[in-house]
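See structure below.
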Amino acid sequence: MRGKFISFEGPDGAGKTTALNTIVADLQPVLADKLVVTREPGGNRISEAIRDIILDRQNTEMDDRTEALLYAAARRQHIVETIQPALAQEKMVLCDRYVDSSVAYQGAGRKIGTQEVYQMNLFATAGLLPDLTIYFDIPSEIGLQRIMTHRTDEINRLDVEQLSFHKRVRSSYLEIARKAPQRVKTIDATKSRAQVVKDVEAIIVAQNGEFFK
Ligand SMILES: Nc1ncnc2c1ncn2[C@@H]1O[C@H](COP(=O)(O)OP(=O)(O)OP(=O)(O)O)[C@@H](O)[C@H]1O
Ligand SMILES: Cc1cn([C@H]2C[C@H](O)[C@@H](COP(=O)(O)O)O2)c(=O)[nH]c1=O
């Protein structure tokens, strides 16, 4: 048996990281070293270095396909160093963003094409998809408002894209969720922080009974 791979997805400011922090605090006492928490782009030295390049607001000259390739390169290293070893040890991996982010942001947001970006990522992932994806759905205006109001110190190169970019990202996520209802579970991320955590934990526990015996 392999472990469980769970990704958290959503537009900027949807509240994934906030919810994930509480969920980890809740699950850690139960799962202990069976729980692995990580993020994309990042999760290891090489991928974090790529993250710094991609998200640096000074890198305004970066080509859209270069950006897509860098995300995929960071992903490959993350899979090899973190995700695959954890799954082989039958752990539960909670990952803040994965390949759906590339399809939504580079495929739809940058208009490279969702199929092209997905196909390009097949090389990076060798077909590894999450067992479960929690999609945090939120209107783009609300997500961006949250970021601008609370997180001015961490605003990155993608956060500052136009509203139309973020709307394409959200539409693409909704399309992904519509096409893969078995894998992708949508939660209403406009609810309170406590309710969002409750909704996400209910899905994780319902689908992973073997971890909570
Ligand atoms: N349910 C919520 N209601 C209101 N504000 C929230 C909620 N969840 C998170 N926030 C606030 O919104 C901001 C963005 O949250 P967070 O960083 O968790 O989003 P995110 O989905 O991880 O965004 P990004 O992908 O851009 O990093 C934070 O300031 C956070 O405190
Ligand atoms: C994995 C991945 C991410 N992005 C974007 C989405 C966000 O704007 C940033 C990451 O920042 P976060 O605070 O960690 O959410 O990168 C992307 O465009 N494509 C991807 O594949």
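For the numbers below, each heavy atom of this structure counts, side chains included, while hydrogens, waters and symmetry mates do not.
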What pairs of residues pass the side chain to side chain donor-acceptor pair (under 3.5 Å) test when at least one of them lies in residues 19-29, not counting sequence neighbours?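 Sorted result for residues 19-29: empty, none.
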Of all pairs that satisfy salt bridge (charged side-chain N to carboxylate O under 4.0 Å, His left out), the ones with a partner from residues 104-115, not counting sequence neighbours: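 Listed by first then second residue: Asp64-Arg110, Glu67-Arg110, Arg110-Glu161.
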Are the side chains of [Y] and [X] in contact, using a 4.5 Å heavy-atom criterion?
{"X": "Val169", "Y": "Leu158", "answer": "no"}
{"X": "Ser7", "Y": "Tyr135", "answer": "no"}
{"X": "Leu174", "Y": "Arg170", "answer": "yes"}

Measure the spacing between [atom1] of [X] and [atom2] of [Y] and express it to the nearest 0.5 Å.
{"X": "Arg97", "Y": "Glu9", "atom1": "CZ", "atom2": "CD", "answer": "6.5 Å"}
{"X": "Ile138", "Y": "His166", "atom1": "CD1", "atom2": "NE2", "answer": "12.5 Å"}
{"X": "Leu132", "Y": "Phe5", "atom1": "CG", "atom2": "CZ", "answer": "10.5 Å"}
{"X": "Leu129", "Y": "Leu122", "atom1": "CG", "atom2": "CG", "answer": "8.0 Å"}
{"X": "Ile50", "Y": "Leu69", "atom1": "CD1", "atom2": "CG", "answer": "11.0 Å"}
{"X": "Tyr105", "Y": "Ile112", "atom1": "OH", "atom2": "CD1", "answer": "14.5 Å"}

Connected-component partners of Leu163 among ILVMFWY, side-chain separation under 4.5 Å: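 Listed partners: Leu144.
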Under the side-chain contact (heavy atoms from CB on, under 4.5 Å) test against Leu70, which residue among Gln106, Met62, Arg65 passes?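 Only one of Gln106, Met62, Arg65 forms a side-chain contact (heavy atoms from CB on, under 4.5 Å) with Leu70, namely Met62.
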Between Ser101 and Tyr173, do the side chains contain an N or O donor and an N or O acceptor separated by less than 3.5 Å?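 Result is yes, a qualifying pair exists.
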If we count only N and O atoms by modelled type, under 3.5 Å, do the side chains of Asn59 and Arg157 hold a donor and an acceptor together?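 The criterion, which ignores hydrogens and geometry beyond distance, is not satisfied for Arg157 and Asn59.
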Which atom pairs, donor and acceptor, lie under 3.5 Å between side-chain atoms of residues 77-85 and protein residues at least two apart or in another chain?
| from | atom 1 | to | atom 2 | distance (Å) |
| --- | --- | --- | --- | --- |
| Gln77 | NE2 | Glu81 | OE2 | 2.8 |
| His78 | ND1 | Glu40 | OE2 | 2.9 |
| His78 | NE2 | Thr38 | OG1 | 2.6 |

N/O donor-acceptor pair under 3.5 Å between Asn121 side chain and Val117 backbone: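 The answer is yes, because a donor-acceptor pair under 3.5 Å joins these two groups.
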Between Glu48 and Gly43, is there a donor-acceptor pair closer than 3.5 Å when you use the side chain of the first and the backbone of the second?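 Looks like yes, one N/O pair under 3.5 Å.
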Listed partners of Arg168 passing side-chain hydrogen bond (donor to acceptor under 3.5 Å, both in side chains), at least two apart: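 Result, side-chain hydrogen bond (donor to acceptor under 3.5 Å, both in side chains) vs Arg168: none returned.
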Do any side-chain atoms of residues 205-213 form donor-acceptor pairs under 3.5 angstrom with protein atoms, and if so which ones, sequence neighbours left out?
| from | atom 1 | to | atom 2 | distance (Å) |
| --- | --- | --- | --- | --- |
| Asn208 | ND2 | Ile204 | O | 2.9 |

Take atom CZ of Phe165 as the centre, draw a 6.0 Å sphere, and report whether it contains more than 12 heavy atoms from other residues, nucleotides or ligands.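 Atom CZ in Phe165 is crowded, with more than 12 foreign heavy atoms closer than 6.0 Å.
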Leu31-Ile203 co-clustered via ILVMFWY side chain contacts under 4.5 Å: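 Looking at the clustering, Ile203 is in the same group as Leu31.
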